**Q** 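This is the structure I want to talk about, given as structure tokens.
These numbers were taken from a predicted model, which means no experiment stands behind them. A, B, ... follow the sequence lines: proteins, then strands. Residue 1 opens every chain.
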Number of protein chains: 2
Amino acid sequence: MIKIVDVAREAGVAPSTVSRALNNHPTVGEEYVRRVKVAAEKLGYRPNGVARSLRRQSTDFIALIIPDIGNHFHTAVARGVEDVAREAGLSVLLCNSDEDAAKEATYIGVALSEKVAGVLLCPHNSDSDISLLTENSIPVVAIDRTLGENIDAVTTDSVHGAREATAHLIREGWTRPGCSAGPTDIETAKWRAQGYVEAVLAAGGEPIVEHGTFDQQGGADTAAALLDREDPPDSLFVSSEQMALGVLAELKRRGLEPGRDIGILTFDDTPWAQLIYPPMTVVEQPAYDVGAKAARMLVERIRGGSRLEARQVSLPTRLIVRGSSLR
Amino acid sequence: MIKIVDVAREAGVAPSTVSRALNNHPTVGEEYVRRVKVAAEKLGYRPNGVARSLRRQSTDFIALIIPDIGNHFHTAVARGVEDVAREAGLSVLLCNSDEDAAKEATYIGVALSEKVAGVLLCPHNSDSDISLLTENSIPVVAIDRTLGENIDAVTTDSVHGAREATAHLIREGWTRPGCSAGPTDIETAKWRAQGYVEAVLAAGGEPIVEHGTFDQQGGADTAAALLDREDPPDSLFVSSEQMALGVLAELKRRGLEPGRDIGILTFDDTPWAQLIYPPMTVVEQPAYDVGAKAARMLVERIRGGSRLEARQVSLPTRLIVRGSSLR
DNA sequence: TTGAAAGCGGTACCAA
DNA sequence: TTGGTACCGCTTTCAA
């Protein structure tokens, strides 16, 4: 392994000069820069990132802590994050927390130990303890959910999206929309249920909310519970794409056809939403942009913006009407 | 930031003893271990991973270089990798290469600079240059595609899967299957086209292969090209899930219904495959297992198995017949 | 502008 | 078994 002293010897200069030359320090003579670069090239020198990190007291890593990369929304977020990070010369540490506070805490520990430059966290809930990070001045940007007023956050306007979607159901003539909602301790799930409730109440109706896990099973369970009621809803607002998969399976099992026997729409647009029959009406979230924006904000913090006011950005959702919600 | 000397002072021992105690070195007296752990706990000591890495000449990171985390197959692979890595105390660096040799090379450089413990690479093609890694004894395991006989690889049996799928189409009574194939320079695409060709020839038919990119656009393009032929195929073997989305869109545009007007099946099972109408027949690949298995093999190499023979593991695919391929 | 040298925070060798 | 200390490779201050 070639190191800096080897290059220095080859170029006939001091190690410090090599370091400066290679890092484009302005105070190095042109002749020296050339000599150093030639020597480095000749020897195939590759700087040791670990040593640099130790000396500089900071790395070029950022940690991305999300519940599950398998979830389509988070996949897109990750893609946005990675694109911006690469652009900024940062590498992404992928951490799946599985909505598990313990795993989340473990990863926060890793982020600290490994001295990451910053953390993007989709927190299990607002109680997530990031004090270890803030105490050590490691910038944090919350994704999709918030972490209190003092922490940067990029979210989507779930309340508005859910309200708009539910109002659309009612406008279409469905008289009794129900809600397949996510876990009560997850902020986005709460927001979406809230938007739903607001819209139903505004129309003088009675909200019917069933909470379940934020996955396929949760979708199937809540759909079953709602439809097994004595006074079942005639349409469903589903809180997430993963849940929608479960809901659709349950409807299929019961021989219920969306858009005919029951109205249905869901959060998150997916590639398959328009391929199923009938095509699924969705509340689209700009997932990629959420990731990209959050990453950009984190980069700003890393580049020295610690004195900036905390910024809470909410990106707009968009209702895409397809067949499943029509009457 | 508390460091090891602080703990040493608090515990009244030498720094080396603290290090040994905290790393469960067997030669430390119980009393000392206790004192050190108490002191560390009291001061809230967190080891500095960067310093440890520099001294040990190795980190606890592995790089996962895949074309695109947005691709369902790779998402599942990533999940498998991450689960095994966490179990082994390793963190995953996420790198999207976008099937771009330059980006791939960049990330290989990062892996080297950052002294990762190992690399999982889904190579753009067999020419991918990993000499930087092998020369520096950084273990590499290829995922989904191979890197020559000397490098560990975990793949799925694409040839067999494609042959079985195409044979199924023919058995169902489709007389002229065509193939929406991926790029000619990607190994898996070649394998799948090969399996398709073998099956068609075995049945005495004429292979019709159209190559396109491994994405939605490529699916739409190849489907259009195939169907615009003077002697169009009456059924399609599609090379990947992403392509299938494009193919389906193109069929829809032309008013062709799978399983009635045209037979169709694709590689990769997805959550939506059984929700569309008709449900999609697929060749399922054990994506999660591919990632998990590859990660396990990499961990073995990292834990000192550099003298092991290179192992090439091929995981079986499974044909899942649904409606889209029936006649 | 360049060079010498002191660390960054652990680890592991060597001596006691 | 424990302590002292050199060292991992780079950056950066200080002196020349």
**Q** How many Å lie between NZ on K3(B) and C1' on dG10(C), as a whole number?
**A**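 Spelled out: NZ on K3(B) to C1' on dG10(C) is 11 Å.
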**Q** Within this structure, what is the CZ-NZ distance for the pair R311(A) and K293(A), rounded to the nearest 0.5 Å?
**A**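 Output value for this atom pair is 5.5 Å.
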**Q** Within the structure shown, what part of the strands sits under 4.0 Å from V13(A) by heavy-atom distance: base, sugar-phosphate, or nothing?
**A**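 Sugar-phosphate: the residue V13(A), judged by heavy atoms under 4.0 Å, touches backbone atoms but no base.
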**Q** Where is the tightest heavy-atom contact between A11(A) and A39(A), given as atom of each residue plus distance?
**A**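 The pair with the smallest heavy-atom distance is CB-CB, 3.8 Å.
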**Q** So, E104(A) versus S128(A): side-chain donor-acceptor pair below 3.5 Å or not?
**A**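 Looking only at side-chain atoms, S128(A) and E104(A) do form a donor-acceptor pair, the distance falling under 3.5 Å.
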**Q** Among residues 44-52 of chain B, which contact DNA chain C at a heavy-atom distance under 4.0 Å?
**A**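 Y45(B), R46(B), P47(B), N48(B), A51(B), R52(B) - these, ordered by number, are the residues of the stretch whose heavy atoms sit under 4.0 Å from the strand.
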**Q** Need to verify one output field. Residue with the more 5' nearest nucleotide on DNA chain C, P15(A) or Y32(A)?
**A**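 Result of the comparison: Y32(A).
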**Q** In whole Å, I'd like the distance from the NE2 atom of H25(B) to the P atom of dT11(C).
**A**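 Those two atoms, NE2 and P, are 11 Å apart.
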**Q** Look at all strands and tell whether V5(B) reaches a base, only sugar-phosphate, or nothing, counting heavy atoms closer than 4.0 Å.
**A**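 No contact at all - V5(B) keeps every heavy atom at 4.0 Å or more from the nucleic acid.
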**Q** Side chain to side chain donor-acceptor pair (under 3.5 Å), that's the test. Do N96(B) and Y107(B) meet it? Break it down for me.
**A** CA-CA 9 Å; N96(B) 291 116; Y107(B) 277 125; over 6 Å; no
**Q** For the pair made of CD1 in I4(A) and C1' in dG9(D), what is the distance, rounded to whole Å?
**A**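 Taking atom C1' of dG9(D) as the reference, CD1 of I4(A) is at 8 Å.
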**Q** From CD of Q57(A) over to P of dT12(D), roughly how many Å is that when rounded to an integer?
**A**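 In whole Å, dT12(D) P lies 11 Å from Q57(A) CD.
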**Q** Separation of R20(B) atom CZ from dG9(C) atom P, in whole Å?
**A**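 Whole-Å distance recorded here is 21 Å.
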**Q** How many Å lie between CG on L112(A) and P on dG9(C), as a whole number?
**A**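 Checked: the CG to P distance equals 13 Å.
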**Q** Go through the steps for R79(B) and D68(A) under the test salt bridge (Lys or Arg N to Asp or Glu O under 4.0 Å), then give the verdict.
**A** CA-CA 8 Å; R79(B) 209 38 236 262; D68(A) 178 15; 2.8 Å; yes
**Q** Is it true that the side chains of D185(A) and H124(A) contain a donor and an acceptor less than 3.5 Å apart?
**A**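 Result is yes, a qualifying pair exists.
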**Q** May I have the distance from R56(A) (atom CZ) to dG9(D) (atom P), rounded to whole angstrom?
**A**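 After rounding, the reported distance stands at 17 Å.
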**Q** Give the nucleotide from the list dA12(C), dA4(C), dT2(D) with an atom nearest to the side chain of T17(B).
**A**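 The nucleotide sitting nearest to the side chain is dT2(D).
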**Q** How many whole angstroms separate atom CG of D6(B) from atom C1' of dG10(C)?
**A**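 Computing the D6(B):CG to dG10(C):C1' distance gives 13 Å.
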**Q** Under 4.0 Å between a side-chain N/O of S16(B) and OP1 or OP2 of dG3(D), yes or no?
**A**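 No.
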**Q** Which residue lies toward the 5' end of DNA chain D, R55(A) or V28(B), if each is placed at its nearest nucleotide?
**A**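 Between the two, 5'-proximity favours V28(B).
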**Q** Going through the checks in order, is the side chain to side chain donor-acceptor pair (under 3.5 Å) test met by E114(A) and T59(A)?
**A** CA-CA 8 Å; E114(A) 297 298 344; T59(A) 66; over 6 Å; no
